[in-house]
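Values below: all heavy atoms of this structure, side chains included; hydrogens, waters and symmetry mates excluded. Nothing fancy with the numbering, it's 1 onward along the sequence.
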Amino acid sequence: MEEKDVQQLLHIAGLIYRQRSGELDEAEQETLDNWLAASEQNRQLFRELSSQDLEAITRNEADPANLQASVERVYLATGIKPGPARIYISKWRTWRWAAAALVLAVAGTASLQLAKEKSKPIGAIHNTDVAPGSRKATLKLGNGATIILDDAQNGVIANQGKTVIKKSGNGQLVYDASASVTTEITYNTITTPNGGEYEVILPDGSHVWLNAASAIRFPAAFTGNTRKVEINGEAYLEIVKNEKAPFIVVSGKHSVEVLGTKFNIHSYPKEEDITTTLIQGSIRIAAGKYTKVLQPGQQSLVNTGANSNIRLATGVNMDEVLAWRNGKFIFDDASLKTVVSQLERWYDVNIDYAGMEDYRFNGEISRNVSLSKVLKMMELTSNIHYKINDRNIYMTK
């Protein structure tokens with residue numbers, strides 16, 4: 001990439017930011033329109049840069065020293081001497097404005113580089129790539145039979161008593177228990193592997209979205225005065241209200257009781273806490289002898305060890321909590337351990353980051369891109385370097 005390409009990206013990044021903030025004049029709008037008309041790649045990049053992306057970038061003040069270092073890494077990665085970076089930064093009115101434009105420019109730089117190198121063999125240090133996760137899961141029926149859902153045809157795939165199980169055209173698994181009057185309880189389990197996610201509509205009409213490496217166990221038809229399910233991993237739930245039959249989610253020694261609500265539960269076996277975040281409605285958390293009622297926007301944490309005390313998190317970033325449901329990775333001062341855990345589950349890889357446990361990240365990127373694109377963005381904005389060897393990733397300083 002030549003220096004003029006980076007100059008153009010930085011200039012266009014600034015125009016996009018100014019347009020989203022309502023500051024663009026007619027001449028600048030014409031320049032932006034001409035750039036958009038030049039190629040589909042430019043239009044795709046523009047579509048990917050939402051106003052939420054910019055708002056996330058500009059929420060925090062950018063440190064000039066760190067920003068300067070980031071700019072120089074961008075120039076180094078693109079093969080251009082870092083000296084001119086100071087010229088571009090000095091023209092911006094605020095450091096926050098510069099930080100937003102810089103991140104947009106990095107995204108554009110990565111996009112250009114990937115487009116130019118698409119037909120070339122990948123270098124030895126990045127000798128393979130890993131595709132993002134997709135909609136896939138297995139269904140275990142009450143009789144022990146297993147159905148691979150991503151291979152199943154649309155339509156009726158099984159019956160459990162009078163409950164009909166269908167796979168819809170958009171990939172949902174739907175339980176139709178409208179004709180079921182049985183008192184016999186038959187349990188089904190849906191499990192997503194690493195690199196998988198799935199949506200299921202339960203017998204009562206409640207929606208559940210499962211993240212990668214997660215599972216839900218539930219009756220094929222709800223009977224009695226409660227609706228109880230078990231969840232491991234991460235799930236987002238939208239529960240149909242039924243005051244006569246509260247909905248209960250059990251995860252380890254932790255349970256959530258709801259009447260009708262929307263919430264996210266994060267409960268992976270190897271993590272220290274079970275985290276429950278309430279989006280809408282009201283829920284009661286129970287752990288051991290402790291209980292706590294959550295209000296919208298609150299998040300509870302229950303340690304998976306001996307201590308069952310319920311803690312409330314402060315400063316919850318709801319965008320970060322729901323990022324996976326919205327097809328994104330969002331990191332808000334996240335530890336490298338947190339970042340790695342998410343990448344390992346979604347891309348079904350193993351990542352070695354020994355000696356870098358104190359690294360923290362802020363950023364946002366789609367979950368629907370290859371792993372190398374995520375790692376490249378991390379490399380451009382930090383001191384981290386990486387090597388891909390099949391499904392093993394090695395990170396170094």
Side-chain angles (χ1 to χ4, degrees), residues 132-178 180 182 184-223 226-240 245 247-252 254-256 258 261-271 274-276 322 324-325 327 342 344-348 367:
S134 60
R135 188 188 295 267
K136 53 189 174 186
T138 58
L139 166 64
K140 185 177 180 180
L141 300 173
N143 62 2
T146 299
I147 299 173
I148 300 175
L149 295 177
D150 32 314
D151 292 342
Q153 298 294 316
N154 294 337
V156 177
I157 62 172
N159 292 276
Q160 296 284 270
K162 291 190 177 182
T163 298
V164 180
I165 307 173
K166 305 174 185 177
K167 182 180 176 182
S168 69
N170 59 5
Q172 295 173 323
L173 193 65
V174 182
Y175 278 69
D176 182 358
S178 58
S180 181
T182 181
E184 180 182 354
I185 300 178
T186 301
Y187 283 94
N188 287 189
T189 302
I190 299 173
T191 304
T192 57
N194 282 338
E197 62 181 0
Y198 220 81
E199 178 185 357
V200 58
I201 300 178
L202 297 177
D204 65 340
S206 296
H207 285 240
V208 178
W209 289 262
L210 290 176
N211 202 352
S214 302
I216 179 170
R217 181 176 181 267
F218 57 96
F222 289 115
T223 61
T226 60
R227 297 169 289 165
K228 183 179 290 187
V229 305
E230 299 173 22
I231 289 178
N232 290 305
E234 184 165 28
Y236 173 77
L237 302 92
E238 295 186 354
I239 305 305
V240 172
F247 194 97
I248 299 173
V249 178
V250 177
S251 185
H254 164 281
S255 67
V256 181
V258 307
T261 190
K262 299 178 182 179
F263 65 100
N264 192 84
I265 184 167
H266 183 100
S267 177
Y268 285 104
K270 294 183 180 180
E271 300 195 1
I274 299 172
T275 304
T276 306
L322 298 178
W324 72 273
R325 266 287 294 121
Q342 292 193 34
E344 286 184 330
R345 284 192 291 264
W346 185 234
Y347 291 96
D348 190 18
R367 292 212 319 170

When rounded to the nearest 0.5 Å, the distance separating CZ of Arg135 from CD of Glu197 is 6.5 Å

For Val240 versus Arg227, what's the shortest heavy-atom pair and its separation? O-NH1, 2.9 Å

Nearest 0.5 angstrom please: Ile265 CD1 to His254 NE2, how far? 5.0 Å

Restricting to side chain to side chain donor-acceptor pair (under 3.5 Å), what partner residues turn up for Ser168, sequence neighbours left out? Asn170

Non-neighbouring partners of Ser267 that pass side chain to side chain donor-acceptor pair (under 3.5 Å), sequence neighbours left out: Ser251

Considering all heavy atoms of both residues, which atom of Leu141 and which atom of Ala158 are nearest to each other, and what is their separation? CD1-CB, 4.0 Å

Can you pull the ring pair (Phe, Tyr, Trp, His ring centres under 6.0 Å) pairs that have at least one residue in residues 137-166, sequence neighbours excluded? none

Tell me, which pairs form a ring pair (Phe, Tyr, Trp, His ring centres under 6.0 Å) where one or both residues lie in residues 142-168, sequence neighbours left out? none

Separation between CD of Glu238 and CZ of Arg325, rounded to the nearest 0.5 Å: 7.0 Å

Partner residues of Pro193 under the side chain to side chain contact (heavy atoms under 4.5 Å, CB included) criterion, sequence neighbours left out: Lys136

Pairs meeting criterion salt bridge (Lys or Arg N to Asp or Glu O under 4.0 Å) with involvement of residues 152-161, two or more places apart: none

What verdict does the side-chain contact (heavy atoms from CB on, under 4.5 Å) test give for Ile190 and Val208, after you've listed the backbone C-alpha separation in whole Å, the side-chain angles of each residue and the deciding distance to 0.1 Å? CA-CA 11 Å; Ile190 299 173; Val208 178; over 6 Å; no

With salt bridge (Lys or Arg N to Asp or Glu O under 4.0 Å) as the test, would you mind laying out the steps for Arg345 and Glu271 before giving the verdict? CA-CA 13 Å; Arg345 284 192 291 264; Glu271 300 195 1; 3.2 Å; yes

Search all heavy atoms of Ala221 against all heavy atoms of Ala177 and return the closest pair with its distance. CB-CB, 4.3 Å

Gap between atom CZ of Phe222 and atom CZ of Phe247 - 0.5 Å precision: 5.0 Å

Sorted by chain and number, sequence neighbours left out, side chain to side chain contact (heavy atoms under 4.5 Å, CB included) with Thr186 holds for Gln160, Glu184, Asn188

Sorted by chain and number, sequence neighbours left out, side chain to side chain donor-acceptor pair (under 3.5 Å) with Ser206 holds for Asp204

Please walk me through it: do Ile165 and Leu139 pass side-chain contact (heavy atoms from CB on, under 4.5 Å)? CA-CA 10 Å; Ile165 307 173; Leu139 166 64; 4.3 Å; yes

Any non-hydrogen side-chain atom of Leu237 less than 4.5 Å from a side-chain atom of Ile231? yes

Do you know which two heavy atoms are closest between Pro132 and Tyr347, and how far apart they sit? CA-CE2, 3.4 Å

Interatomic distance, Leu322 atom CG to Asn264 atom CG [nearest 0.5 angstrom]: 6.0 Å

Give every donor-acceptor pair under 3.5 Å between a side-chain atom in residues 209-219 and any protein atom, sequence neighbours left out.
from   : atom 1 : to     : atom 2 : distance (Å)
Trp209 : NE1    : Glu199 : OE1    : 3.3
Asn211 : OD1    : Arg367 : NH1    : 3.2
Asn211 : OD1    : Arg367 : NH2    : 3.4
Asn211 : ND2    : Glu234 : OE1    : 3.0
Ser214 : OG     : Asn211 : O      : 3.1
Ser214 : OG     : Ala212 : O      : 3.0
Ser214 : OG     : Glu234 : N      : 2.8
Ser214 : OG     : Glu234 : O      : 3.3
Ser214 : OG     : Tyr268 : OH     : 3.3
Arg217 : NH1    : Glu230 : OE2    : 3.3

Can you find a pair of side-chain heavy atoms, one from Lys228 and one from Val250, that are under 4.5 Å apart? yes

Check: residues 143-151 side-chain donor-acceptor pairs under 3.5 Å, at least two apart:
from   : atom 1 : to     : atom 2 : distance (Å)
Asn143 : OD1    : Ala145 : N      : 2.9
Asp150 : OD1    : Ala137 : N      : 3.4

If you round to the nearest 0.5 Å, how far is CD1 of Ile239 from CG of Leu202? 6.5 Å

Does Tyr198 have any side chain to side chain donor-acceptor pair (under 3.5 Å) partners at least two apart in sequence or in another chain, and if so, which? none

